[in-house]
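All remarks here apply to the structure that follows.
None of these values were measured; they are calculated from a predicted model. The first residue of the sequence shown is numbered 1, and numbering continues consecutively from there.
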Amino acid sequence: DRRDFIITYVIEEGPRYKFGTVEAESELRDFSAEFVRDLVKIQPGDWFDAKKVEDTVTGLNEVAGARGYAFADVSPDFQRDAEKREMNLTFRVAETPRVYVERINIQGNTVTRDKVIRREFRLNEGDAFNAFKVKRSQDRIQSLGFFQDNLEIKQVQGSANDRVVLNVDVEERSTGELQLSAGYSSLEKFILSASVAQRNFMGKGQILQTGVSYSKYSKSVSAGFTEPFLFDKSILLGGEIYYR
């Protein structure tokens, strides 16, 4: 009708294939072909599954990243045997330089200070890249509770082939809490209480909390403070003062 198109996909299923030989080749000295083959869980004789191949490549890249190869080149090579209806598979790992962290960029933090985020990193600028430590750093920053869900540390090519830049773009969220409550008791009459807490006081990652409670027979005031990194070391110190 000159406005719409009808598209028909014609699919010919064809014969089903199984995995034939499963081999590995590697040009990296400390990431040998034997080591790669041991990591591959695909067995000859299994039904061919492209998702299994994709997951295996992802897993090999993660292991290579943990060994310092941020941009590992892992690719599957397929050789189809039409007579036997088998798909022979070779995982090839190309030569890639070991990578070092050139720079760590933090963006989006308007309240939280840079050092509060940087001290959660498990690797520093100049260290050998390690994908496991990057993931651990990401989890530690996420667990602070100051930023958006699904925070991600992205890696991009640095000034040279053996350099990588880590970028983390944070989106801050509210870290303050206000609680008000009221009740009535035949003994104490009206009961009132209020509390305020700030889990990222002055952007330093410190916790400050105060509370007041009042009734006919009971009155209390309290204030607490916690420093999670005393003297910039992984030492938590906190205390509370109160009057009742």
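Checking Arg67, Glu102, Gln155 one by one against Phe129, the side chain to side chain contact (heavy atoms under 4.5 Å, CB included) holds for a single residue, Gln155. Among Val93, Val63, Val74, Leu28, the one residue that satisfies the side chain to side chain contact (heavy atoms under 4.5 Å, CB included) test with Val36 is Val93.
Taking a 6.0 Å sphere around OH of Tyr184, one finds it holds more than 12 heavy atoms contributed by other residues, nucleotides or ligands. Counting heavy atoms of neighbouring residues, nucleotides and ligands inside a 6.0 Å radius, atom CD1 of Ile241 does not exceed 12 of them.
Scored by the ring pair (Phe, Tyr, Trp, His ring centres under 6.0 Å) test, Phe225 finds no partners at all (sequence neighbours excluded). Applying the salt bridge (charged side-chain N to carboxylate O under 4.0 Å, His left out) test to Asp149 and every residue at least two apart in sequence or in another chain returns Arg173.
At a threshold of 4.5 Å between non-hydrogen side-chain atoms, the residues Ile191 and Ser185 count as touching. Side-chain contact check for Glu25 versus Thr90: some heavy-atom pair is nearer than 4.5 Å. Contact of the Phe91 side chain with the Val40 side chain is registered, since non-hydrogen atoms from C-beta on lie closer than 4.5 Å. Taking the side chain as every heavy atom from C-beta outward, Arg118 and Ile104 approach each other to under 4.5 Å. Side-chain atoms of Gln198 and Thr175, non-hydrogen and from C-beta on, do get closer than 4.5 Å to each other. Looking at heavy atoms from C-beta onward, Val134 lies out of side-chain contact with Phe121 at the 4.5 angstrom threshold. Side-chain contact check for Trp47 versus Arg16: some heavy-atom pair is nearer than 4.5 Å. By the 4.5 Å heavy-atom criterion applied to side chains, Met87 and Phe48 are counted as neighbours.
Taking the six-membered ring where the residue is Trp, Phe31 and Tyr69 present tilted rings, their angle falling between 30° and 60°.
Legend: side chain to side chain donor-acceptor pair (under 3.5 Å) pairs involving residues 52-64, not counting sequence neighbours, sorted by first then second residue: Lys51-Asp55. Listed by first and then second residue, the side chain to side chain donor-acceptor pair (under 3.5 Å) pairs that reach into residues 128-143 are Glu120-Arg140, Lys135-Asp139, sequence neighbours excluded. A side chain to side chain donor-acceptor pair (under 3.5 Å) check over residues 212-223, counting only residues at least two apart or in different chains, returns the pairs Glu188-Ser215. For residues 103-115, the set of pairs meeting the side chain to side chain donor-acceptor pair (under 3.5 Å) definition, not counting sequence neighbours, comprises Arg103-Asn105, Asn105-Asn167, Asn109-Asp114, Thr110-Glu172, Thr112-Glu172, Thr112-Asn200, Lys115-Asp232.
Salt bridge annotation for Asp127-Arg122: absent, with no cationic side-chain nitrogen under 4.0 angstrom from a carboxylate oxygen. Residues Glu177 and Arg199 are paired through a salt bridge, judged by an N-O separation under 4.0 Å between the basic side chain and the carboxylate.
A donor atom on one side chain and an acceptor atom on the other are found under 3.5 Å apart for Ser181 and Ser193. Using modelled atom types and a 3.5 Å distance limit, the side chains of Tyr17 and Asp49 yield no donor-acceptor pair.
Cluster annotation: Ile117 and Phe201 are assigned to distinct hydrophobic clusters (Ile/Leu/Val/Met/Phe/Trp/Tyr, side-chain heavy-atom contacts under 4.5 Å, transitive). Hydrophobic clustering (ILVMFWY, side-chain heavy atoms < 4.5 Å, transitive): Ile141 and Phe229 are in distinct clusters. Under the 4.5 Å side-chain contact rule for hydrophobic residues, Ile207 and Val116 do not share a cluster. Linking Ile, Leu, Val, Met, Phe, Trp and Tyr residues whenever their side-chain heavy atoms come within less than 4.5 Å leaves Tyr100 and Leu166 in two separate clusters. A single hydrophobic cluster is not seen to contain both Val168 and Val165; linkage of ILVMFWY side chains at heavy-atom distances under 4.5 Å, directly or through other members, places them apart.
With a 6.0 Å cutoff to the six-membered ring centre and a 45° limit on the axis angle, Arg80 does not count as a cation-pi contact of Phe78.
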Please evaluate residues Thr226 and Gln206 with respect to the criterion side chain to side chain donor-acceptor pair (under 3.5 Å), reporting the C-alpha separation (whole Å), side-chain torsions for both, the decisive distance (0.1 Å), and the verdict.
CA-CA 6 Å; Thr226 302; Gln206 300 164 336; over 6 Å; no

### Task
Please test Gln79 against Asp81 for side chain to side chain donor-acceptor pair (under 3.5 Å), starting from the C-alpha separation and ending with a verdict.
CA-CA 7 Å; Gln79 303 96 34; Asp81 189 331; over 6 Å; no

